[in-house]
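What follows is a set of notes on a single structure, which appears directly below.
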Amino acid sequence: MSFPLLTATAVLPAVGAVATAAVPAARRTAAKWLALLVSLATLVLAIVVMVRFDPGGARYQLTESHAWISDFGVRYELGVDGIAVVLLALTALLMPFIILAGWHDADPLETGSKRWRPTQGFFALILAVEAMVIISFEATDVFLFYIFFEAMLIPMYFLIGGFGDRAHAGSDENAAAQRSYAAVKFLLYNLVGGLIMLAAVIGLYTVAGNFSLAEIAQARANGTLHMATSTERWLFLGFFFAFAVKAPLWPLHTWLPNAMQESTAPVAVLITAVVDKVGTFAMLRFCLQLFPEASKWATPTILVLALISIIYGALLAVGQRDIKRLVAYASISHFGFIILGIFAMTSQGQSGATLYMVNHGISTAALMLVAGFLISRRGSRLIADYGGVQKVAPVLAGTFLIGGLATLSLPGLAPFVSEFLVLVGTFTRYPAIGIIATFGIVLAALYTLVLYQRTMTGPVKPAVSAMPDLKARELLVVTPLIVLLIFLGVYPKPVTDIVNPAVKQTMSDVHKTDPKPAVEAAK
């Protein structure tokens with residue numbers, strides 16, 4: 001039997017989470033180093049997966065299949081296509097930076113505080129989320145995917161509610177109440193979506209008789225499995241609703257600003273750069289592959305919702321006074337672009353959407369982590385409390401600027417390529433929607449540059465006059481992310497070469513081809 005590489009990538013952080021939690025209470029530093037080493041080892045396994053993956057080979061590779069709950073047709077089935085591979089790599093890549101950035105976020109509070117911050121628990125929960133996200137990207141059994149799609153809510157709930165941001169105005173009790181509200185809201189929204197999906201999963205089993213993604217898709221393709229039109233549409237809506245909550249798509253997005261505002265910066269990155277990607281990934285893997293006709297039926301409505309997310313998220317980002325809420329609404333706008341690319345039903349749009357998931361993860365991590373370093377120095381999330389930072393901390397200001405420019409998709413930085421592909425892919429089939437979506441770029445430039453101007457330029461405010469610049473650990477976190485933003489902005493081919501064959505297969509699932517150009521190229 002060949003080495004179960006995909007299982008190892010998920011089991012390693014899960015075992016690491018247990019080991020980290022078991023470290024004695026007095027050995028906090030040892031727990032941090034253990035979590036970091038486990039995340040680095042997981043990254044090595046993810047790199048091995050990428051190296052062994054053949055973009056021109058079978059659709060699902062490195063597959064594993066074992067009987068699990070035979071009476072109900074549930075199997076332990078794993079496999080990765082090009083889309084899953086790059087998202088698995090993104091998850092494994094970001095985890096060491098998240099751990100390093102949160103190195104002191106769970107240290108004990110000052111003497112006399114009513115709150116206890118168990119360091120071991122904080123890092124164990126982060127590793128647990130990593131394990132569940134990775135296996136969600138790998139699962140090709142619908143029921144197996146559902147279990148971990150829902151299970152990741154538990155550690156995320158405790159990360160939001162138990163390890164909130166210290167930059168709070170008001171009493172400890174008020175801050176704890178806000179954290180509790182954000183955590184409960186996150187959990188309830190996602191649980192409702194998950195329960196609706198569970199009903200759809202059960203409905204899919206009654207129709208198909210099993211949960212294997214490959215078998216169901218093959219049966220649909222060769223005509224041995226027939227779904228009534230109404231049945232397929234209801235099942236699609238059950239799956240899509242859960243994924244839209246996770247994504248998050250307007251109007252199911254309202255949990256995200258609260259969750260990101262109350263979380264530490266590394267946990268905020270974990271939410272929007274890692275966990276939320278499971279929702280958009282699942283739209284490609286499950287909605288389009290299992291329910292192709294229903295996907296086409298729902299496309300006009302979903303495109304309108306994605307367009308609203310783009311404009312609405314950007315407009316609200318412009319008006320924010322809180323740095324974290326601004327980044328949260330910007331992410332809602334960016335997820336609108338991702339969903340727009342998925343349901344434009346063009347190869348450019350879906351390739352751009354997948355590339356956008358990767359690039360958004362890197363750019364949001366860079367911006368939010370630097371913002372977290374800024375907030376930890378000043379002790380405030382409010383934009384108005386800053387000014388003139390670039391004069392006292394030029395490296396911090398410079399990295400913040402690069403993260404912001406990536407967020408507005410400046411040419412030469414990674415998000416530009418993906419956003420351009422999404423807009424081109426959308427315009428070729430839905431020109432009006434493509435044109436309106438471009439206003440999101442203008443608004444992104446507005447909220448990003450205004451944020452930089454108000455925090456980094458102008459007179460130095462007394463409260464930031466002694467602010468220290470980035471330290472060695474913080475530079476170790478930010479520098480690789482900036483290098484990746486520049487590299488993928490100039491040369492995205494390594495990612496697109498992996499993604500494009502999987503996108504072609506997804507297009508084939510929904511029986512769509514790219515529109516022919518309105519004007520033929522001159523010969």
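Side-chain contact between I83 and Q350: absent, with no pair of heavy atoms (C-beta onward) separated by less than 4.5 Å. At least one side-chain heavy atom of I332 sits under 4.5 Å from a side-chain heavy atom of P248. Contact annotation: the side chain of M152 approaches that of V278 to within less than 4.5 Å [non-hydrogen atoms, C-beta and beyond]. At a threshold of 4.5 Å between non-hydrogen side-chain atoms, the residues F337 and I310 count as touching. Looking at M357 and L90, their side chains never come closer than 4.5 Å, going by heavy atoms from C-beta outward. Between F211 and E77, the closest side-chain pair of non-hydrogen atoms is not below 4.5 Å. Here the side chains of I271 and L256 are in contact, with some heavy-atom distance below 4.5 Å. Y181 has its side chain out of reach of E262: every pair of non-hydrogen atoms, C-beta onward, lies at least 4.5 Å apart.
Pairing each heavy atom of V499 with each of G82, the nearest pair is CG2-O, 4.3 Å. For F163 against R179, the heavy-atom pair with the smallest separation is C-CD, 4.5 Å. Here the closest non-hydrogen pair linking A8 and P13 is O-CD, 4.4 Å. When all heavy atoms of G238 and A200 are compared, the closest pair comes out as CA-CB, 3.9 Å. A317 approaches A330 most closely through the heavy-atom pair CB-N, 4.1 Å. Smallest separation of non-hydrogen atoms from F286 and A139: CZ-O, 4.1 Å.
When the ring pair (Phe, Tyr, Trp, His ring centres under 6.0 Å) test is applied to F335, the partners found at least two apart in sequence or on another chain are H360. Looking at residues two or more places apart in sequence or on another chain, you find a side chain to side chain contact (heavy atoms under 4.5 Å, CB included) between V304 and I308. Take A35 and apply the side chain to side chain contact (heavy atoms under 4.5 Å, CB included) test, not counting sequence neighbours, and it matches T20, I99, F123, L127. Residues satisfying the salt bridge (Lys or Arg N to Asp or Glu O under 4.0 Å) test with D497, not counting sequence neighbours, are K493. Under the side chain to side chain contact (heavy atoms under 4.5 Å, CB included) criterion, I216 pairs with L204, A208, N210, R220, L225, L290, sequence neighbours left out. Residues that satisfy the ring pair (Phe, Tyr, Trp, His ring centres under 6.0 Å) test with F149, not counting sequence neighbours, are F145, F243. Among residues two or more places apart in sequence or in another chain, the ring pair (Phe, Tyr, Trp, His ring centres under 6.0 Å) test is passed with Y430 by none. A search for salt bridge (Lys or Arg N to Asp or Glu O under 4.0 Å) contacts involving E138 returns nothing, not counting sequence neighbours. With sequence neighbours left out, K32 forms a salt bridge (Lys or Arg N to Asp or Glu O under 4.0 Å) with D107.
For Y76, the OH atom is densely surrounded, since the number of other residues' heavy atoms within 6.0 Å is greater than 12. Environment of CH2 in W68: crowded, with over 12 heavy atoms of neighbouring residues, nucleotides or ligands closer than 6.0 Å. For Y312, the OH atom sits in a packed shell: over 12 heavy atoms of surrounding residues, nucleotides or ligands are nearer than 6.0 Å. Summarising the local packing, OH of Y205 is surrounded by more than 12 heavy atoms from other residues, nucleotides or ligands at distances under 6.0 Å.
Here the OG1 atom belonging to T140 is positioned 9.5 Å from the CD atom belonging to E215, to the nearest 0.5 angstrom. Residue T354 holds its OG1 atom at 10.5 Å from CG of L421, rounded to the nearest 0.5 Å. The distance from atom CD1 of I338 to atom CG of L249, rounded to the nearest 0.5 Å, is 11.5 Å. With rounding to the nearest 0.5 angstrom, the SG atom of C287 is 12.5 Å from the CG atom of D509. Atom OG of S180 is separated from atom OH of Y157 by 5.5 Å, given to the nearest 0.5 angstrom. Atoms CG and CZ, from L288 and F240 in turn, are 10.0 Å apart once rounded to the nearest 0.5 Å.
Checking side-chain atoms of E232 against main-chain N and O of A294 turns up a donor-acceptor pair under 3.5 Å. The backbone N or O of I126 lies less than 3.5 Å from no partner atom in the side chain of E130, so there is not a single donor-acceptor pair. For T506 (side chain) and A502 (main-chain N/O), a donor-acceptor pair under 3.5 Å exists by modelled atom type. Looking at E64, its side chain does come within 3.5 Å of a backbone N or O of T7 through a donor-acceptor pair. Using modelled atom types, one side-chain atom of T346 and one backbone atom of G425 make a donor-acceptor pair closer than 3.5 Å. Within the 3.5 Å criterion, the main-chain N or O of K277 finds no donor-acceptor partner in the side chain of K246. Between the T42 side chain and the T9 main chain, no donor and acceptor come within less than 3.5 Å of each other. When atom types are taken as modelled, the side chain of D141 and the backbone of R75 share a donor-acceptor pair closer than 3.5 angstrom. Put simply, the side chain of R325 never gets that close to the backbone of Q320: no donor and acceptor are under 3.5 Å apart. In this structure a side-chain-to-backbone donor-acceptor pair under 3.5 Å is present from S309 to W250.
Evaluated for a side-chain contact (heavy atoms from CB on, under 4.5 Å) with S295, the options R233, Q289, M345 yield exactly one hit, M345.
A salt bridge (Lys or Arg N to Asp or Glu O under 4.0 Å) check over residues 280-304, counting only residues at least two apart or in different chains, returns the pairs D81-R285, E293-K296. The stretch residues 77-98 participates, sequence neighbours left out, in no ring pair (Phe, Tyr, Trp, His ring centres under 6.0 Å) pair at all. The stretch residues 142-152 participates, sequence neighbours left out, in no salt bridge (Lys or Arg N to Asp or Glu O under 4.0 Å) pair at all.
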Begin with the C-alpha distance, continue with both residues' side-chain angles, and end with the deciding distance and a verdict on side chain to side chain contact (heavy atoms under 4.5 Å, CB included) for Q348 and T426.
CA-CA 8 Å; Q348 299 99 325; T426 303; over 6 Å; no

Passes side chain to side chain contact (heavy atoms under 4.5 Å, CB included), L270 versus M156? Steps please.
CA-CA 9 Å; L270 189 63; M156 285 306 310; 3.7 Å; yes

Would S331 and T272 count as a side chain to side chain donor-acceptor pair (under 3.5 Å) if you check the C-alpha gap in whole Å, the side-chain angles of each, and the deciding distance to 0.1 Å?
CA-CA 7 Å; S331 290; T272 190; 3.3 Å; yes

Could you go step by step and tell me if V417 and L488 meet the side chain to side chain contact (heavy atoms under 4.5 Å, CB included) rule?
CA-CA 8 Å; V417 181; L488 292 177; over 6 Å; no

Show your working on side chain to side chain contact (heavy atoms under 4.5 Å, CB included) between L340 and L303 and close with a plain yes or no.
CA-CA 6 Å; L340 187 70; L303 291 178; 3.6 Å; yes

